[in-house]
Amino acid sequence: MSALIRALSDLKGITPKNIAPMEGPSGVLLCPPSYYDVLEVKNPMMAGHLGRVDRAGALAQWESVRDALAGSGFSVSVMDPVEGLEDMVFTANPSFAGRGPRGEKICVLGSMRHPSRRRETGLHEAWFSKAGYQIKRLKTPGLRFEGGGDAVWHPGRRLLWGGHGFRTEPEAYEEISEIFDCTVVLLKLSNERFYHLDTCFCPLTQDSVLIYPPAFERESLELILRLFPMVLVAKEHEAAGLLCCNGVSAPGKKIILQKGADGARGALTGAGLFPIEVETGEFLKSGGSAFCMKAFLY
Ligand code: ARG
């Protein structure tokens with residue numbers, strides 16, 4: 001069933017529990033940061049970091065993220081980096097994968113806001129089509145959609161959370177809900193430091209989520225509070241400075257996140273989760289952390 005939820009009044013009894021189940025991701029797609037750089041300010045975190053990437057350090061951090069993902073039970077696939085595509089390491093953005101109602105593997109190609117990232121989608125198309133996914137693209141020309149940076153599946157359910165406001169346009173979700181035949185809860189982002197949904201919203205389990213509340217418009221925040229029985233709240237400096245909400249939920253209640261977010265780590269442990277810390281400082285310079293550095297595979 002495809003439907004769009006924008007406010008509490010649209011819910012009409014919908015809760016994650018009465019939505020069909022969907023198996024979580026079994027793997028991740030990564031791209032090594034061989035040509036990674038900060039060359040233009042695409043988001044506020046990039047300001048002040050132009051040309052300041054330590055590429056050897058970035059490679060070592062990427063390897064530690066890769067090892068944490070593999071060690072947490074994901075099968076890891078790696079795509080070849082391409083010279084001149086400085087953001088290709090952020091595989092979350094150029095596409096979005098999941099399963100259709102009959103279990104078929106689908107990949108929707110993104111439509112990137114910044115011209116410097118548009119070539120990445122063709123490379124994702126080639127990779128996902130070789131991996132056996134049905135490839136779908138948005139029909140409306142120029143409609144922006146930044147893939148798994150803004151579209152996030154509810155753990156274990158055919159329910160999609162759709163961020164918009166800075167990179168993705170809300171109309172994209174009309175097409176995406178039809179492609180996957182699923183309900184989409186739209187979340188409007190209101191603070192440009194949290195320009196992608198994955199910078200301020202981290203589903204942990206079917207019942208719990210870690211968020212940074214000031215990043216959302218009121219109606220969107222109300223939906224999160226209604227649909228997750230347990231909402232953990234990130235502190236401002238951990239959310240903005242360490243992107244602590246950009247963690248990857250892994251099998252066995254593990255959560256891979258940037259090192260040093262002590263408040264978030266304590267809250268996660270208190271909620272019965274197992275945080276695994278990684279250093280992603282070189283990628284924070286570009287506005288990304290662990291979640292941005294992978295695309296989920298099904
Ligand atoms: N520099 C990249 C950009 O602004 C960072 C993308 C981070 N990805 C994410 N899913 N938040 O596009």
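Owing to the predicted nature of the structure, the values given are computational and were not obtained by experimental measurement. Both counts, for ligands and for their atoms, begin at 1 and track the order of listing. Positions are given from 1 along the sequence.
Across His164, His196, Arg113, a single residue satisfies side-chain hydrogen bond (donor to acceptor under 3.5 Å, both in side chains) together with Glu146, and that is His196.
Under a 4.0 Å N-O distance rule, the pair Glu238/Lys235 does not qualify as a salt bridge. Ion pairing of Glu192 with Arg167 is absent here, as no side-chain N (NZ or NE/NH1/NH2) approaches a carboxylate O to less than 4.0 Å.
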Identify the protein atoms, limited to N or O, that lie within less than 3.5 Å of an N or O atom of ligand 1, and list each pair with its distance to 0.1 Å.
{"unit_1": "ligand 1", "atom_1": "1 (N)", "unit_2": "Asp87", "atom_2": "OD1", "d": "3.3"}
{"unit_1": "ligand 1", "atom_1": "1 (N)", "unit_2": "Asp87", "atom_2": "OD2", "d": "3.3"}
{"unit_1": "ligand 1", "atom_1": "1 (N)", "unit_2": "Ser286", "atom_2": "O", "d": "2.9"}
{"unit_1": "ligand 1", "atom_1": "1 (N)", "unit_2": "Ser286", "atom_2": "OG", "d": "2.8"}
{"unit_1": "ligand 1", "atom_1": "4 (O)", "unit_2": "Asn43", "atom_2": "ND2", "d": "2.9"}
{"unit_1": "ligand 1", "atom_1": "4 (O)", "unit_2": "Arg167", "atom_2": "NH2", "d": "2.8"}
{"unit_1": "ligand 1", "atom_1": "8 (N)", "unit_2": "Asn93", "atom_2": "OD1", "d": "3.0"}
{"unit_1": "ligand 1", "atom_1": "10 (N)", "unit_2": "Asn93", "atom_2": "ND2", "d": "2.8"}
{"unit_1": "ligand 1", "atom_1": "10 (N)", "unit_2": "His196", "atom_2": "ND1", "d": "3.4"}
{"unit_1": "ligand 1", "atom_1": "10 (N)", "unit_2": "Asp198", "atom_2": "OD1", "d": "3.4"}
{"unit_1": "ligand 1", "atom_1": "10 (N)", "unit_2": "Asp198", "atom_2": "OD2", "d": "2.5"}
{"unit_1": "ligand 1", "atom_1": "11 (N)", "unit_2": "His196", "atom_2": "ND1", "d": "2.9"}
{"unit_1": "ligand 1", "atom_1": "11 (N)", "unit_2": "Asp198", "atom_2": "OD1", "d": "2.9"}
{"unit_1": "ligand 1", "atom_1": "12 (O)", "unit_2": "Arg117", "atom_2": "NH1", "d": "2.9"}
{"unit_1": "ligand 1", "atom_1": "12 (O)", "unit_2": "Arg167", "atom_2": "NH1", "d": "3.0"}

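Under the salt bridge (charged side-chain N to carboxylate O under 4.0 Å, His left out) criterion, Glu125 pairs with Arg137, sequence neighbours left out.
Here Phe90 and Phe291 keep their ring centres 6.0 angstrom or further from each other.
Geometrically, Lys294 engages Phe296 in a cation-pi contact defined by less than 6.0 Å to the ring centre and at most 45° from the axis.
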